[in-house]
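Notes for the one structure printed next.
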Amino acid sequence: MTPGAANGRAARRRRETEARLLDAALEVFCVRGYDAATTAEMARAADVAAGTFYLHFRDKRAAFERLAREAAHDLLARWRAAMRPGMRVAERVALGLRLAAEFWRADLRRARLLLEGGPSFGSEGHLRFVDEIAAVLRGAGPRVRRPLPARPLALIVAGLGIELGRLVVADPEADVDELIRLVGRSLAHLDVTPVAPRRAVNR
(Lines give C-alpha, C1' and ligand atoms only; values in the text may rest on other atoms or scores of the structure.)
Protein backbone atom coordinates (compact mmCIF):
# COMPACT_ATOMS: atom_id res chain seq x y z
CA MET A 1 0.00 0.00 0.00
CA THR A 2 1.35 3.43 -0.91
CA PRO A 3 1.83 6.10 1.80
CA GLY A 4 -0.90 8.18 0.19
CA ALA A 5 -3.41 5.33 0.29
CA ALA A 6 -2.50 4.57 3.91
CA ASN A 7 -2.98 8.21 4.89
CA GLY A 8 -6.32 8.26 3.09
CA ARG A 9 -7.53 5.18 4.98
CA ALA A 10 -6.37 6.64 8.29
CA ALA A 11 -8.18 9.91 7.59
CA ARG A 12 -11.35 8.02 6.65
CA ARG A 13 -11.21 5.95 9.86
CA ARG A 14 -10.71 9.12 11.87
CA ARG A 15 -13.76 10.73 10.28
CA GLU A 16 -15.83 7.61 10.89
CA THR A 17 -14.76 7.45 14.54
CA GLU A 18 -15.51 11.15 15.02
CA ALA A 19 -18.95 10.70 13.47
CA ARG A 20 -19.67 7.78 15.82
CA LEU A 21 -18.55 9.84 18.80
CA LEU A 22 -20.83 12.72 17.77
CA ASP A 23 -23.80 10.37 17.38
CA ALA A 24 -22.99 8.87 20.78
CA ALA A 25 -22.56 12.31 22.37
CA LEU A 26 -25.98 13.39 21.10
CA GLU A 27 -27.60 10.25 22.49
CA VAL A 28 -25.88 10.52 25.88
CA PHE A 29 -26.66 14.24 26.18
CA CYS A 30 -30.32 13.61 25.34
CA VAL A 31 -30.69 10.71 27.78
CA ARG A 32 -28.56 11.94 30.69
CA GLY A 33 -28.68 15.70 30.24
CA TYR A 34 -25.67 17.90 29.61
CA ASP A 35 -24.52 18.22 33.21
CA ALA A 36 -24.71 14.49 34.03
CA ALA A 37 -23.24 13.26 30.73
CA THR A 38 -19.62 12.07 30.79
CA THR A 39 -17.07 11.56 28.05
CA ALA A 40 -16.56 7.98 29.23
CA GLU A 41 -20.23 7.23 28.51
CA MET A 42 -19.88 8.77 25.07
CA ALA A 43 -16.82 6.68 24.28
CA ARG A 44 -18.56 3.52 25.51
CA ALA A 45 -21.65 4.28 23.41
CA ALA A 46 -19.39 4.80 20.37
CA ASP A 47 -17.58 1.51 21.13
CA VAL A 48 -14.15 3.13 21.44
CA ALA A 49 -11.64 3.39 24.27
CA ALA A 50 -12.23 6.19 26.76
CA GLY A 51 -9.01 7.92 25.73
CA THR A 52 -10.04 7.94 22.07
CA PHE A 53 -12.62 10.61 22.84
CA TYR A 54 -9.83 13.10 23.62
CA LEU A 55 -8.14 12.47 20.29
CA HIS A 56 -11.17 14.13 18.69
CA PHE A 57 -12.64 16.52 21.27
CA ARG A 58 -11.12 18.54 24.10
CA ASP A 59 -14.02 17.81 26.47
CA LYS A 60 -17.78 17.30 26.43
CA ARG A 61 -18.39 21.00 25.80
CA ALA A 62 -16.34 20.76 22.60
CA ALA A 63 -18.54 17.86 21.47
CA PHE A 64 -21.67 19.85 22.33
CA GLU A 65 -20.44 22.89 20.40
CA ARG A 66 -19.64 20.69 17.40
CA LEU A 67 -23.19 19.30 17.49
CA ALA A 68 -24.55 22.86 17.60
CA ARG A 69 -22.36 23.96 14.66
CA GLU A 70 -23.39 20.98 12.57
CA ALA A 71 -27.06 21.66 13.30
CA ALA A 72 -26.61 25.31 12.25
CA HIS A 73 -24.76 24.35 9.05
CA ASP A 74 -27.41 21.74 8.21
CA LEU A 75 -30.19 24.30 8.58
CA LEU A 76 -28.33 26.92 6.52
CA ALA A 77 -27.65 24.37 3.77
CA ARG A 78 -31.37 23.52 3.60
CA TRP A 79 -32.19 27.22 3.38
CA ARG A 80 -29.72 27.84 0.56
CA ALA A 81 -30.98 24.81 -1.35
CA ALA A 82 -34.59 25.99 -1.09
CA MET A 83 -33.89 29.53 -2.30
CA ARG A 84 -35.17 30.55 -5.71
CA PRO A 85 -33.62 33.28 -7.86
CA GLY A 86 -35.35 36.61 -7.44
CA MET A 87 -37.01 35.85 -4.12
CA ARG A 88 -37.95 38.98 -2.20
CA VAL A 89 -36.51 39.71 1.23
CA ALA A 90 -39.74 38.85 3.06
CA GLU A 91 -40.00 35.57 1.15
CA ARG A 92 -36.41 34.63 1.98
CA VAL A 93 -36.92 35.33 5.68
CA ALA A 94 -40.27 33.51 5.80
CA LEU A 95 -38.70 30.50 4.08
CA GLY A 96 -35.82 30.44 6.58
CA LEU A 97 -38.18 30.62 9.57
CA ARG A 98 -40.45 27.90 8.16
CA LEU A 99 -37.46 25.62 7.60
CA ALA A 100 -36.22 26.38 11.12
CA ALA A 101 -39.57 25.30 12.60
CA GLU A 102 -39.48 22.09 10.54
CA PHE A 103 -35.87 21.46 11.57
CA TRP A 104 -36.65 21.74 15.29
CA ARG A 105 -39.78 19.60 14.96
CA ALA A 106 -37.85 16.85 13.16
CA ASP A 107 -35.91 15.96 16.33
CA LEU A 108 -37.43 17.39 19.50
CA ARG A 109 -34.80 15.79 21.75
CA ARG A 110 -32.01 17.51 19.86
CA ALA A 111 -33.99 20.77 19.84
CA ARG A 112 -34.49 20.61 23.60
CA LEU A 113 -30.79 19.87 24.15
CA LEU A 114 -29.46 22.64 21.90
CA LEU A 115 -31.96 25.29 22.93
CA GLU A 116 -32.40 24.58 26.63
CA GLY A 117 -30.25 21.71 27.87
CA GLY A 118 -26.66 22.77 27.28
CA PRO A 119 -24.36 25.77 27.65
CA SER A 120 -25.01 28.91 25.65
CA PHE A 121 -23.33 29.20 22.27
CA GLY A 122 -21.30 32.21 23.39
CA SER A 123 -21.22 35.60 21.71
CA GLU A 124 -18.45 34.71 19.25
CA GLY A 125 -20.20 31.58 17.97
CA HIS A 126 -23.55 33.35 17.82
CA LEU A 127 -22.13 36.24 15.76
CA ARG A 128 -20.50 33.78 13.34
CA PHE A 129 -23.91 32.19 12.86
CA VAL A 130 -25.47 35.63 12.33
CA ASP A 131 -22.86 36.46 9.68
CA GLU A 132 -23.62 33.17 7.89
CA ILE A 133 -27.33 34.06 7.88
CA ALA A 134 -26.47 37.51 6.50
CA ALA A 135 -24.48 35.87 3.70
CA VAL A 136 -27.51 33.76 2.76
CA LEU A 137 -29.73 36.84 2.74
CA ARG A 138 -27.31 38.73 0.50
CA GLY A 139 -26.79 35.81 -1.85
CA ALA A 140 -30.30 35.67 -3.35
CA GLY A 141 -32.87 38.09 -4.65
CA PRO A 142 -32.98 40.90 -7.18
CA ARG A 143 -30.82 44.00 -6.98
CA VAL A 144 -32.75 46.79 -5.34
CA ARG A 145 -32.26 50.52 -5.00
CA ARG A 146 -32.08 50.43 -1.22
CA PRO A 147 -29.14 48.46 0.29
CA LEU A 148 -30.26 45.42 2.27
CA PRO A 149 -29.45 45.75 6.01
CA ALA A 150 -28.28 42.14 6.00
CA ARG A 151 -26.60 41.91 9.39
CA PRO A 152 -29.37 43.59 11.44
CA LEU A 153 -31.89 41.46 9.57
CA ALA A 154 -29.80 38.34 10.26
CA LEU A 155 -29.85 39.15 13.99
CA ILE A 156 -33.66 39.25 13.84
CA VAL A 157 -33.82 35.98 11.88
CA ALA A 158 -31.45 34.22 14.31
CA GLY A 159 -33.43 35.37 17.33
CA LEU A 160 -36.78 34.41 15.82
CA GLY A 161 -35.44 31.04 14.67
CA ILE A 162 -34.33 30.23 18.22
CA GLU A 163 -37.63 31.41 19.72
CA LEU A 164 -39.56 29.33 17.17
CA GLY A 165 -37.55 26.34 18.34
CA ARG A 166 -38.46 27.00 21.96
CA LEU A 167 -42.12 27.33 20.97
CA VAL A 168 -41.99 24.01 19.11
CA VAL A 169 -40.28 22.28 22.05
CA ALA A 170 -43.00 23.55 24.41
CA ASP A 171 -45.82 22.67 21.99
CA PRO A 172 -44.89 20.51 18.98
CA GLU A 173 -48.30 21.17 17.44
CA ALA A 174 -48.01 24.96 17.75
CA ASP A 175 -49.16 26.90 14.68
CA VAL A 176 -46.22 29.06 13.62
CA ASP A 177 -47.67 30.16 10.28
CA GLU A 178 -49.35 33.30 11.61
CA LEU A 179 -46.10 34.45 13.22
CA ILE A 180 -44.21 33.85 9.98
CA ARG A 181 -46.83 35.76 7.96
CA LEU A 182 -46.63 38.65 10.43
CA VAL A 183 -42.84 38.79 10.04
CA GLY A 184 -43.22 38.74 6.25
CA ARG A 185 -45.66 41.65 6.30
CA SER A 186 -43.40 43.65 8.58
CA LEU A 187 -40.50 43.25 6.12
CA ALA A 188 -42.47 44.24 3.01
CA HIS A 189 -40.92 47.72 3.03
CA LEU A 190 -37.53 46.16 2.26
CA ASP A 191 -38.82 44.81 -1.05
CA VAL A 192 -38.43 47.96 -3.10
CA THR A 193 -38.45 48.34 -6.86
CA PRO A 194 -35.64 46.37 -8.50
CA VAL A 195 -32.90 48.27 -10.24
CA ALA A 196 -33.44 48.15 -13.99
CA PRO A 197 -30.42 46.86 -15.93
CA ARG A 198 -28.53 49.58 -17.75
CA ARG A 199 -28.78 49.56 -21.50
CA ALA A 200 -25.85 50.30 -23.69
CA VAL A 201 -26.06 53.72 -25.34
CA ASN A 202 -25.17 53.86 -29.03
CA ARG A 203 -23.09 56.85 -29.87
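Computation of the quantities below employed the complete heavy-atom set of this structure, encompassing side-chain atoms and omitting hydrogens, waters and symmetry-equivalent molecules.
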Notebook entry, point to check: More than 12 foreign heavy atoms under 6.0 Å from CD of Glu124: is that the case here?
Noted result: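 No, not enclosed.
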Check: In terms of hydrophobic clustering (I, L, V, M, F, W, Y; side-chain heavy atoms under 4.5 Å; direct or indirect links), are Leu99 and Leu179 co-clustered?
Finding: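 Same cluster: Leu99 reaches Leu179 through Ile, Leu, Val, Met, Phe, Trp or Tyr contacts under 4.5 Å.
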Check: Same cluster or not: are Val130 and Leu75 linked, directly or through other Ile, Leu, Val, Met, Phe, Trp or Tyr residues, by side-chain heavy atoms under 4.5 angstrom apart?
Finding: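 No, Val130 does not connect to Leu75 through the hydrophobic network.
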Can you tell me how far apart [atom1] ([X]) and [atom2] ([Y]) are? Round to the nearest 0.5 Å.
X      : Y      : atom1 : atom2 : value
Leu55  : Thr17  : CG    : OG1   : 9.5 Å
Leu97  : Asp177 : CG    : CG    : 11.0 Å
Arg32  : Met42  : CZ    : CE    : 10.0 Å
Leu108 : Leu113 : CG    : CG    : 12.5 Å
Leu187 : Arg88  : CG    : CZ    : 13.0 Å

If you define the side chain from C-beta out and look only at heavy atoms, does anything of [X] sit under 4.5 Å from [Y]?
X      : Y      : value
Cys30  : Leu26  : yes
Val93  : Leu160 : no
Arg98  : Val176 : no
Leu22  : Phe57  : yes
Leu137 : Val89  : no
Arg109 : Phe29  : no
Asp59  : Phe53  : no

Mind jotting down which residue pairs meet the salt bridge (charged side-chain N to carboxylate O under 4.0 Å, His left out) criterion with at least one end in [range]? Sequence neighbours excluded, please.
range            : result
residues 150-164 : Asp131-Arg151, Glu163-Arg166
residues 44-55   : none
residues 68-83   : Arg66-Glu70, Asp74-Arg78

Check: Leu21 and Ala46: which non-hydrogen atoms are nearest, and at how many Å?
Finding: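 For Leu21 and Ala46, the tightest heavy-atom pair comes out as CD2-CB, 3.8 Å.
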Margin query: If you compare all heavy atoms of Ala49 against all heavy atoms of Ala43, which two are closest, and at what distance to 0.1 Å?
Written below: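 So the minimum-distance heavy-atom pair works out to O-CB, 3.7 Å.
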Notebook entry, point to check: Between Arg110 and Phe103, is NZ or CZ placed under 6.0 angstrom from the six-membered ring centre and within 45° of the ring axis?
Noted result: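 Yes - Arg110 lies over the ring of Phe103, closer than 6.0 Å to its centre and within 45° of its axis.
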Note to self: Between Trp79 and Arg92 (side chain of the first, backbone of the second, donor and acceptor by atom type, cut-off under 3.5 Å), is there such a pair?
What the structure shows: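 Checked: pair present.
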Item checked: Backbone of Ala25 reached by a side-chain donor or acceptor of Lys60 within 3.5 Å ->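 No; zero donor-acceptor contacts below 3.5 Å.
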